[in-house]
2 protein chains.
Amino acid sequence: MKRQTWQRAAVREALSARGGFVSAQDLHTALKANGSPIGLATVYRALADLAVDGDADSLQSSDGENLYRACVSAGHHHHLICRSCGRTVEIEADPIEQWAAEVAAANGFRDPRHVVDVFGTCSSC
Amino acid sequence: MKRQTWQRAAVREALSARGGFVSAQDLHTALKANGSPIGLATVYRALADLAVDGDADSLQSSDGENLYRACVSAGHHHHLICRSCGRTVEIEADPIEQWAAEVAAANGFRDPRHVVDVFGTCSSC
DNA sequence: AACTAAGTGAGAACGATTGTCAAAATCGCC
DNA sequence: GGCGATTTTGACAATCGTTCTCACTTAGTT
């Protein structure tokens with residue numbers, strides 16, 4: 001069974017308070033800075049759980065870190081990310097979903113899944 | 001100046017011999033297995049150089065490794081990757097290029113770049 | 001052949017993540 | 001409210017991929 005602990009709540013809250021993508025380490029540092037005695041391993045575990053449950057989504061930064069973000073729209077979606085300030089916009093990509101499925105089928109691939117993220121510099125940067 | 005060494009040649013060759021995506025570690029192991037006394041650090045450096053020069057492209061696997069592949073078509077393209085055997089198909093994605101540019105512009109993002117990769121299970125797996 | 005700057009390699013260092021395991025906290029039940 | 005079984009936690013060690021260090025070698029030039 002899955003238990004409810006203040007640590008998980010804290011991670012969940014800190015994550016949505018941030019808005020953008022954060023690394024597990026950063027989140028841990030932020031929590032500690034706010035006086036929480038939470039452990040690093042716990043943050044990792046909580047984030048992994050959130051990602052599995054669909055309450056957060058994750059992506060890898062270009063330097064190999066796992067970044068997490070509180071998921072606003074629960075469904076499948078993609079991101080437009082500012083490479084300078086990290087601001088993130090969730091985007092719908094219906095044409096891409098279809099295209100991915102078609103391309104996969106055309107090459108005999110089953111059970112297609114895809115990674116689609118767009119990076120750019122936002123208007124305020 | 002950039003010098004030509006047998007090590008770089010070996011990496012380049014081993015990479016295209018493989019066909020699909022390989023991790024730096026695997027490539028190093030393969031080279032050693034073939035009797036080459038090449039060092040691991042050198043393989044990393046050579047791969048990074050190849051990627052910068054556009055002779056190879058790289059992506060991150062789901063478990064955080066950097067994978068490299070000899071680039072057949074020099075231009076911009078994407079990949080369809082079998083999650084089971086690693087077989088890779090290079091795919092054109094003209095509609096996506098356009099879509100990415102549009103979405104970026106619509107949200108005030110400049111200089112858009114994107115990551116598009118499709119994973120699936122190929123017909124022979 | 002000699003010179004010089006770039007490249008190499010063994011191993012140390014590093015940073016992110018995961019595993020370990022005893023102690024602490026939660027939930028279901030009385 | 002108290003109890004017990006079981007999950008979760010947290011400090012720290014371990015792991016894994018990658019990068020750094022630095023003395024040594026080598027390509028390319030003169």
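Below, chains carry the letters A, B, ... as their sequence lines are ordered, and counting in each starts from 1.
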### A:D53 bridged to A:K2 by N-O distance under 4.0 Å
yes
### Message
For a quick test of reading the model: is some side-chain N or O of B:N66 closer than 4.0 Å to OP1 or OP2 of D:dT18?
### Response
yes
## Note on the structure
Assign each of A:W6 and B:K32 the nucleotide of DNA chain C bearing its closest heavy atom; nearer the 5' end lies the nucleotide of B:K32
### Task
Hey, which sits more toward the 5' end of DNA chain D by its nearest nucleotide, B:Q4 or B:L67?
B:L67
### Message
If I take atom CD in residue A:E65 and atom P in nucleotide D:dT19, what distance separates them, rounded to the nearest angstrom?
### Response
14 Å
### Task
Would you kindly confirm whether A:L31 and A:Y44 end up in one hydrophobic cluster when ILVMFWY residues are joined by side chain heavy atoms under 4.5 Å apart?
no
## Note on the structure
Between CG of B:L47 and P of C:dG7 the distance, given in whole Å, is 15 Å
### Task
Please lay out, stage by stage, how A:R45 and A:T42 fare under the test side-chain contact (heavy atoms from CB on, under 4.5 Å).
CA-CA 5 Å; A:R45 282 187 286 241; A:T42 305; 3.7 Å; yes
### Message
Once rounded to the nearest 0.5 Å, what's the spacing between atom CG of B:N66 and atom CD of B:Q25?
### Response
10.5 Å
## Note on the structure
Among D:dG10, D:dT29, C:dT17, the one nearest any side-chain atom of A:L40 is C:dT17
### Query
Between A:Y44 and C:dT18, does any side-chain N or O lie under 4.0 Å from OP1 or OP2?
no
### Query
Should A:R8 be listed as having a side-chain N or O under 4.0 Å from OP1 or OP2 of D:dT8?
yes
### Task
Find the distance A:K2:NZ to C:dA25:C1' and express it as a whole number of Å.
17 Å
### Query
For A:T5 and C:dA25, is the shortest distance between a side-chain N/O and OP1 or OP2 below 4.0 Å?
no
### Query
Between atom CH2 of A:W6 and atom OG of A:S36, what is the distance when rounded to the nearest 0.5 Å?
4.0 Å
### Query
Has B:Q7 got a side-chain N or O lying under 4.0 Å from the OP1 or OP2 atom of C:dG9?
yes
### Query
Rounded to whole angstroms, how far apart are CE on B:M1 and C1' on D:dT26?
13 Å
### Query
Do A:R45 and D:dG10 have a side chain to base donor-acceptor pair shorter than 3.5 Å?
yes
### Task
Return the nearest nucleotide to the side chain of B:A24; candidates are C:dG19, C:dG9, D:dT18.
D:dT18
### Euclidean distance, atom CD1 of residue A:I38 to atom P of D:dT8 [Å, nearest integer]
14 Å
### Query
Does B:R3 or B:Q25 map to a spot on DNA chain D nearer the 5' end, using the closest nucleotide for each?
B:Q25
